Amino acid sequence: MLFINSILIFIYLAFYILIVYPKKQYIQSMLAKMICMTIGMTSSLLIGLMAGVVLQGNFAISTIVAIVISFVIAFLIGSPFGSMASMEALCSSLMGAMMGAMVGEMLPSEGVNVLLFFMDSIFIVSMAYVFILIKKEEQKSNTLAPKRNPSFSVIFTIIIPILIIGAIHFIDNKGLQNQSEKIDHSQMHH
């Protein structure tokens, strides 16, 4: 499941770079800082959570790993908008990485999939909202930009990704339950 979460972050970050970098001239300074803070925080919370779960029992290493990975992502998020927005992304990613690693460290193993699904959903909704805001800014500044149906965007940027991630979490959770039932069943016979 953590592999799927890593792919999710990578795909959305690549999509962000493809969408935002060419359209940065349409985005005002305040919106740029808000975008950097939102994506920096949500992505680093998810990264910190994953690091905390994978490296459970080693809080210092999970925190350091989460911060380093989040800083790289924050740099990619903030670099098109200048130093102020980059600093916003770096600070929010620092805080998110530490909080995510803390939660991952304290989380019991049976709650991992539920919390990962919840954090994935927050990340997806945040990214979708950022993309919608960027599109609105582009349309305000560029009257030649094609207008799209917002419900179509919501379906493809929020609903379908959450359904896919939810299905994957559900399947993974069922696999873990079956595996633990087999272990419990085999221990009963010994």
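The structure presented is a predicted model; accordingly, all values stated were derived computationally and were not measured.
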Next on the checklist: As an exercise, state the distance from CE of M119 to CG of L46, rounded to the nearest 0.5 Å.
Outcome noted: 6.0 Å
Item to check | Side-chain heavy-atom pair F117, N113 within 4.5 angstrom cut-off | outcome: no
Next on the checklist: Taking G52's backbone N and O only, do any of them form a donor-acceptor pair with S62's side chain (distance below 3.5 Å, no angle check)?
Outcome noted: no
Next on the checklist: For F59 versus M102, what's the shortest heavy-atom pair and its separation?
Outcome noted: CZ-CG, 3.4 Å
Checklist entry - Where do T38 and Y129 land on the side-chain contact (heavy atoms from CB on, under 4.5 Å) test, with the steps shown first? => result CA-CA 10 Å; T38 301; Y129 188 65; over 6 Å; no
Checklist entry - With a 4.5 Å heavy-atom cut-off, do V53 and L116 have their side chains touching? => result no
Next on the checklist: With a 4.5 Å cut-off on side-chain heavy-atom distances among I, L, V, M, F, W and Y, is there a chain of contacts connecting L76 to L94?
Outcome noted: no
Item to check | Heavy-atom side-chain proximity of I73 to I77 below 4.5 angstrom | outcome: yes
Next on the checklist: On a heavy-atom basis, which atom in G40 and which in S43 lie closest, and how many Å separate them?
Outcome noted: O-OG, 3.5 Å
Next on the checklist: Taking L49 as the starting point, is it possible to reach V65 by hopping between hydrophobic residues whose side chains are less than 4.5 Å apart?
Outcome noted: yes
Item to check | Hydrophobic cluster membership, I9 vs I122, 4.5 Å side-chain cutoff | outcome: yes
Checklist entry - Which heavy atom in P80 sits nearest to a heavy atom in V20, and how many Å separate them? => result CG-CG1, 4.4 Å
Checklist entry - Is a side-chain donor or acceptor of T42 paired with a backbone partner of F123 at a separation under 3.5 angstrom? => result no
Checklist entry - For the residue pair A66 and G48, what are the closest heavy atoms and their distance? => result CB-CA, 3.5 Å
Next on the checklist: Treating E105 as the side-chain partner and G100 as the backbone partner, does any N or O pair qualify as donor plus acceptor under 3.5 Å?
Outcome noted: no
Checklist entry - According to a 4.5 Å side-chain heavy-atom criterion applied to Ile, Leu, Val, Met, Phe, Trp and Tyr, with indirect links allowed, do M87 and M34 form part of one hydrophobic cluster? => result no
Checklist entry - Within the distance-only criterion (no hydrogens, no angle test), does the side chain of E88 pair as donor or acceptor with the backbone N or O of M37 below 3.5 angstrom? => result no
Item to check | Atom pair CD1/CG of I17 and L13 - distance to nearest 0.5 Å | outcome: 4.5 Å
Next on the checklist: Could you tell me if S79 and Y21 have a donor-acceptor pair between their side chains, going purely by distance under 3.5 Å?
Outcome noted: yes
Checklist entry - Between atom CD1 of I39 and atom CZ of F131, what is the distance when rounded to the nearest 0.5 Å? => result 6.5 Å
Next on the checklist: Is there a side-chain contact (heavy atoms from CB on, under 4.5 Å) between F15 and F10? Walk through the geometry before answering.
Outcome noted: CA-CA 8 Å; F15 194 64; F10 177 76; over 6 Å; no
Checklist entry - Going by heavy atoms in the side chains, are M50 and S6 under 4.5 Å from each other? => result yes
Checklist entry - Would a 4.5 Å heavy-atom cut-off, applied to side chains only, mark I124 and L8 as touching? => result yes
Next on the checklist: Could you check whether any side-chain N or O of E138 sits under 3.5 Å from a backbone N or O of K23, counting only pairs where one atom can act as donor and the other as acceptor?
Outcome noted: no
Checklist entry - Looking at CD1 of I35 and CE of M127, how far apart are the two atoms once the value is rounded to the nearest 0.5 Å? => result 10.0 Å
Item to check | Minimum heavy-atom distance between V112 and L107, given as atom pair plus value | outcome: CA-CD2, 3.6 Å
Checklist entry - Does F71 CZ have over 12 foreign heavy atoms under 6.0 Å away? => result yes
Checklist outcome for this item: Heavy-atom closest pair (S92 atom, C36 atom, distance to 0.1 Å) is OG-O, 3.9 Å
Next on the checklist: According to a hydrophobic-cluster definition based on side-chain heavy atoms being under 4.5 Å apart (Ile, Leu, Val, Met, Phe, Trp, Tyr only), do V103 and I47 belong together?
Outcome noted: yes
Item to check | Between OG on residue S70 and CE on residue M95, distance to nearest 0.5 Å | outcome: 12.0 Å
Checklist entry - If you round to the nearest 0.5 Å, how far is CD1 of I134 from OH of Y16? => result 6.0 Å
Checklist entry - With E137, which residues qualify under salt bridge (Lys or Arg N to Asp or Glu O under 4.0 Å), at least two apart? => result K140
